[in-house]
Amino acid sequence: MTLFILLACLGGVLVGLSRQLNGRLSISTTPLIASFWNHAVGFAVLTCLGLVVGGLLPAGAAEAPWYIYLGGPIGVVFVAAGSWAIARIGAVNSALLIIGGQMVTGVALDYVSDVPTSFWANATGIILIVAGMMVSRRRRKAGGSQ
């Protein structure tokens, strides 16, 4: 279990590092160029890893429904938007926006999918996320004006 926890932490650190690098690259070039390089390097590394480990093209990939492959274009838009946002609102606010958006979208998808959920638990979670973002912004404004 410890190995999986460490792998999850390493994944989080690498995602944060990737966002920082994309943000810096976006400042010196453009968000689209930063997104391009993010995907080019990721494609090269994952292709090499898939060739070494195996399973680059899993069985049944050709028979998968078309909408399964929408993750790629959505990822391109997400990375380009993230590169743009980091350059404008900073890494911390971008991370808060992403996490808050993921949480609210997850709750919305649960309701659309008819997954049994607790309304009050979901509502409390969303309220806490929004309150945390508001407190963070209020502290940053108060600290910047002194």
Side-chain angles (χ1 to χ4, degrees), residues 1-50 53 55-58 60-61 64-146:
M1 185 69 158
T2 303
L3 174 65
F4 295 118
I5 293 171
L6 291 174
L7 286 174
C9 290
L10 176 64
V13 167
L14 292 175
V15 166
L17 179 63
S18 172
R19 288 197 181 125
Q20 285 292 327
L21 290 172
N22 284 340
R24 292 287 178 203
L25 183 58
S26 175
I27 290 171
S28 62
T29 59
T30 67
L32 288 177
I33 291 173
S35 178
F36 169 78
W37 283 110
N38 178 65
H39 286 88
V41 171
F43 175 76
V45 169
L46 290 177
T47 300
C48 291
L49 186 64
V53 174
L56 181 62
L57 295 173
W66 64 270
Y67 55 84
I68 291 294
Y69 297 103
L70 288 178
I74 292 171
V76 169
V77 172
F78 181 80
V79 171
S83 298
W84 179 84
I86 287 174
R88 289 180 182 53
I89 63 173
V92 173
N93 283 335
S94 295
L96 286 173
L97 187 63
I98 290 167
I99 292 167
Q102 287 174 339
M103 296 297 290
V104 172
T105 302
V107 170
L109 288 175
D110 283 347
Y111 279 114
V112 170
S113 304
D114 291 329
V115 173
T117 59
S118 167
F119 172 77
W120 293 110
N122 289 340
T124 303
I126 290 173
I127 289 169
L128 288 173
I129 290 168
V130 172
M133 293 176 90
M134 290 173 59
V135 167
S136 171
R137 291 202 42 88
R138 191 170 299 141
R139 282 188 185 160
R140 193 159 286 115
K141 284 182 182 177
S145 63
Q146 294 178 348

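Between the OG1 atom of T29 and the CZ atom of R24 there is a distance of 13.0 Å, given to the nearest 0.5 Å. The distance from the CE atom of M1 to the CG atom of L6 is 11.5 Å, given to the nearest 0.5 Å. Here I5 contributes atom CD1 and L10 contributes atom CG; the two are 14.0 Å apart, rounded to the nearest 0.5 Å.
In this structure, T124 contributes its side chain and W120 its backbone to a donor-acceptor pair below 3.5 Å.
Using a 4.5 Å heavy-atom cutoff, the side chains of P65 and I68 are in contact. Proximity of L21 to W37: side-chain heavy atoms (C-beta onward) are nowhere separated by under 4.5 Å. Side-chain contact check for Y67 versus L70: some heavy-atom pair is nearer than 4.5 Å.
Counting non-hydrogen atoms of other residues, nucleotides and ligands closer than 6.0 Å to CZ of F43 gives a total of 12 or fewer.
Among S26, S35, P31, the one residue that satisfies the side-chain contact (heavy atoms from CB on, under 4.5 Å) test with V79 is S35.
Across every non-hydrogen atom of L46 and L56, the tightest pair is O-CD1, 4.4 Å. Taking every heavy atom of both residues into account, F119 and Y111 meet most closely at CA-OH, 3.2 Å. Nearest approach of A34 to L25, heavy atoms of both residues: CA-CD2, 3.6 Å. Shown here for V76 and H39, the closest heavy-atom pair between the two residues is CA-CE1, 3.6 Å. Here the closest heavy-atom approach between residue L32 and residue A80 is recorded as CD2-CB, 4.1 Å.
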